[in-house]
Structures are given as structure tokens and as C-alpha cells.
Undergrad: 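What follows is a structure written as C-alpha cells; I'll ask about it next.
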Amino acid sequence: MIKEVKGMKDIVAPEANSWEELRGIASRIFSSFSYDLIITPILEKQELFSRSVGEDTDVVTKEMYTFIDRSGEKLALRPEGTASIMRAYFSNFDSRSKVLKAWYWGPMFRHEKPQKGRYRQFFQFGLEAVGTDSPYIDSELIYVLDSFYKHIGIKDFEIEINSIGCKNCRPKYKNELVTFLRNNKSKLCETCAKRIEKNPLRVLDCKNDVCQKVIINAPKIKNYICDNCSSHYRKVLFSLNDLNIEYKENPYLVRGLDYYVKTVFEFVSKDLDGRQNALGGGGRYDELSSSLGEKTNVPAVGYAGGIERMFLVLENKNLDTYKKIYIAFLDEETREKYVNFIIKLKNFFAFSDKKVQIIDEGYKVLNAKKHLSKADKLVCSYAIIAGKEELKKSELVLKDLYKRKEEKIKIDIKNLDKTFSKILGGIVFE
Ligand SMILES: [Zn+2]
Ligand SMILES: [Zn+2]
């Protein structure tokens with residue numbers, strides 16, 4: 001059989017059902033904070049990412065999936081979500097004064113070395129607020145993420161926050177930092193030694209121990225930011241304090257990309273190790289629109305979180321809330337007579353307010369013992385059993401597989417809904 005592409009994987013039940021459940025929770029919470037779902041194409045023009053993420057970043061030079069399509073356009077599979085949202089803002093809204101609050105959930109693509117929990121097609125969810133520089137949108141964003149992660153059962157995380165200034169105040173800091181790093185060049189790891197001239201802020205991000213020892217003595221950006229940035233940052237922190245959000249100021253937290261300004265933050269899990277310990281990161285990108293060719297900057301703030309990582313640290317990984325009922329036909333004749341009843345029962349459950357899934361395994365006829373062992377393997381809570389005896393009396397057996405209790409249910413042909421309700425009534429939902 002043809003194998004899947006290296007670094008890509010199928011997500012199947014029950015995990016896929018848990019993903020769907022999480023997506024539903026995300027949708028409900030994010031919508032309440034007035035973020036609307038946005039679905040942007042997975043394919044974009046290459047230029048969108050080379051101009052936003054940056055021409056000489058690893059993502060663009062080494063990791064992005066790019067190709068020329070049949071009409072000669074240079075395209076890319078999106079490596080991240082933010083640039084697409086900014087593009088979509090300009091593609092869809094006439095009024096440049098509109099605030100777009102959008103959330104997304106979908107696959108991203110990077111040709112990296114596959115590792116545990118890291119795939120070449122990986123999933124991210126994100127929230128983006130475009131068209132506002134309000135510090136209260138920054139704090140609200142952190143608040144809603146805190147609420148979301150806690151609600152789904154991730155408790156052991158820390159929020160790290162910093163301000164990285166703007167294009168007016170950062171150059172001064174960059175100069176100081178470069179001077180400091182040049183003086184310590186010999187103590188840095190190989191990658192960081194190269195980063196000094198090209199992307200000095202990224203050195204602060206290095207998790208290598210040797211670099212960490214240097215970084216703790218590096219100048220702190222906080223002492224260099226302008227009044228405007230400083231007042232914005234104070235308002236974010238004040239608001240977070242008032243909202244009772246615990247956070248840790250990390251003076252060396254930066255984002256890899258140049259368009260980030262002012263607030264940057266990360267949700268860091270204590271259960272994820274080493275370099276990949278962030279559940280996700282975010283920040284202001286007030287300067288992104290101008291790097292995409294707009295004359296004026298449209299202020300914006302956003303966050304992107306990894307979905308595979310989120311699953312790695314989830315305590316209860318099975319969020320599939322469907323009650324599973326196994327259907328066991330014991331002979332051909334009973335199956336012929338009952339199978340449409342079961343199909344209609346599925347439809348009844350689909351429109352009830354309870355989540356029930358009937359596992360049919362292709363409506364195979366087997367003996368009771370084989371059926372029940374299958375039901376057990378498929379983690380079903382109940383079984384509907386029907387054989388000759390039941391057919392004769394026009395009834396079926398509803399068996400609670402945990403309590404080993406069973407109940408006979410009479411089928412009322414003239415009022416099927418009544419029979420369906422009876423079956424539903426026999427199921428215990430905790
Ligand atoms: Zn500034
Ligand atoms: Zn380093």
C-alpha cells in the first residue's frame with residue numbers, strides 16, 4: 001500500500017473526536033470574546049511569507065513548501081497563520097477602520113526534521129485582532145487564552161510577557177545588544193555567533209546553556225523602550241493584574257520575527273520539555289501590514305498555539321463525549337427485520353440533545369459472545385442485542401455493559417419515536 005508522506009500523519013478516532021470536541025470548546029469561548037471564525041486558503045503566494053516572516057529566516061529559506069503551479073505562480077503551503085489573516089483583512093474589508101477579530105484552526109506546513117510531537121503538517125489555532133492598538137485587547141487576549149487552557153484541563157503553565165519596543169526605540173537597544181554580544185561572541189553557541197549581526201534579538205531566545213549564561217547579563221530592552229511603548233506595556237500589565245492573571249515578566253522574551261512590536265508573550269508548559277516547551281506565543285505586529293506593502297501601519301495583536309503540543313500535555317486525552325452503543329444482531333432474519341429500525345434510531349439520536357453513537361461494524365451477524373467481546377474492545381457502554389427470541393416477541397435487549405444489567409424494550413411499530421425515547425431513557429449519562 002502507498003504510505004503517507006514523511007512527517008505527516010493521519011488523525012483518527014478516538015483522538016480525532018477529541019480534537020473535534022476541543023475545536024467546539026475553542027469556538028464557543030472565542031466567539032464569546034467576539035472572535036469570529038475565519039477560514040483562509042492553505043495556499044498563498046510565496047511572497048506573502050517571504051515579506052512577512054522574512055526573506056532570510058529558516059522558515060522561508062529552508063522549511064517552507066513552495067512550488068510553481070501550472071499557470072506559473074509561485075505558491076507556498078502556509079507555514080503559519082498570521083500573514084494570511086493580515087492579507088485577508090485587506091482582501092475582505094473596504095473600511096480600513098474596521099476591527100477584525102478572528103480565530104482559526106487548521107494545518108500549517110514546514111519541511112522540518114520530524115520529531116516526537118512535531119510533524120511537517122502540524123495544526124495551529126490562533127486568534128488575531130487587526131485594526132486596534134488598544135492595550136486592553138492584548139490583556140483580553142491573554143485572559144481568553146488562560147481561560148481556554150484552564151477549561152480544557154491544562155493547569156501547569158506559565159504566562160511570560162515582555163515588551164520589545166517599536167521601530168522608534170528598538171534600534172537603540174539593538175545597538176547596545178550587538179555591542180554586548182560582540183564582546184561575548186566567543187562564549188556563544190555557533191548559531192548565535194552568526195546571529196549577532198543578522199538577527200541579534202534571536203540570541204535572547206536561545207535555549208542553549210552556554211548562551212543562557214551570557215544572556216542573563218545582556219542589556220534589558222525594558223530600559224530602552226520609549227514613553228509610548230512603556231505606557232502601553234504598563235496598561236497591559238495593570239489590566240492583567242486587575243483580571244487576576246498570573247504572569248511572569250521575562251525581560252529576554254522576544255519573537256523571532258521583525259514585525260513584532262510592544263507586547264510579546266508566551267504560554268509555557270512545565271510538562272513540555274526543552275526547546276519546545278511553549279504551548280504557543282503571541283504579540284503585537286503593528287508593523288506587519290507595512291512590510292506587506294501598505295502605506296500605513298494597521299495595528300494588530302495575535303496568538304498562535306500548537307494543537308499537537310496541547311494534546312501532549314492534556315491530562316485527559318479522551319474528550320470524546322459520545323456514549324457508544326454496540327448493535328449486535330445474532331442471526332440473518334432478525335437483521336433483515338431490524339436493520340432499518342436501527343438506522344432510524346441513529347437519526348433519532350442525531351436530533352436529540354444527547355450525544356449517542358451506535359457502533360454497527362457493518363451490521364455483521366455473529367454469536368453473542370463474539371459480539372460482546374467486540375463491544376468491549378470498542379469501549380462501548382451499552383449493547384443493543386437482537387436474535388430470534390427478541391424477533392418473536394418484537395422486542396430488543398438493551399444491555400448496560402459495565403453494570404451487566406439488561407432491560408427488554410418492546411418495539412412499538414406504530415410509534416417508533418416512543419420506542420426510541422424508551423431506549424434513550426434506558427441510557428445513563430453522567
Ligand atoms: Zn517604542
Ligand atoms: Zn545560542
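Every number for a ligand or one of its atoms is a count from 1 in the order of the listing. The shown structure was predicted, so the numbers you read here are calculated from the model rather than taken from an experiment. Position 1 is the first residue of the sequence; numbering continues from there.
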Undergrad: Given SG of C189 on one side and SG of C192 on the other, what angle do they make at the Zn ion (ligand 2), to 10°?
TA: 100°
Undergrad: Just by distance, with hydrogens left out, do R28 and S32 show a side-chain donor and acceptor under 3.5 Å apart?
TA: no
Undergrad: Please determine whether a side-chain nitrogen of the Lys or Arg among K220 and E249 lies less than 4.0 Å from a carboxylate oxygen of the Asp or Glu.
TA: no
Undergrad: Work out the angle at the Zn ion (ligand 1) between SG of C166 and SG of C229, rounded to 10°.
TA: 100°
Undergrad: Got a donor-acceptor contact below 3.5 angstrom from the N183 side chain to the T179 backbone?
TA: yes
Undergrad: Give me the one residue out of D138, L253, I142 that meets side-chain contact (heavy atoms from CB on, under 4.5 Å) with I161.
TA: I142
Undergrad: Give, rounded to 10 degrees, the angle between SG (C211) and SG (C206) as seen from the Zn ion (ligand 2).
TA: 110°
Undergrad: Suppose you place the vertex at the Zn ion (ligand 1); what is the angle out to C169 SG and C226 SG, to 10°?
TA: 110°
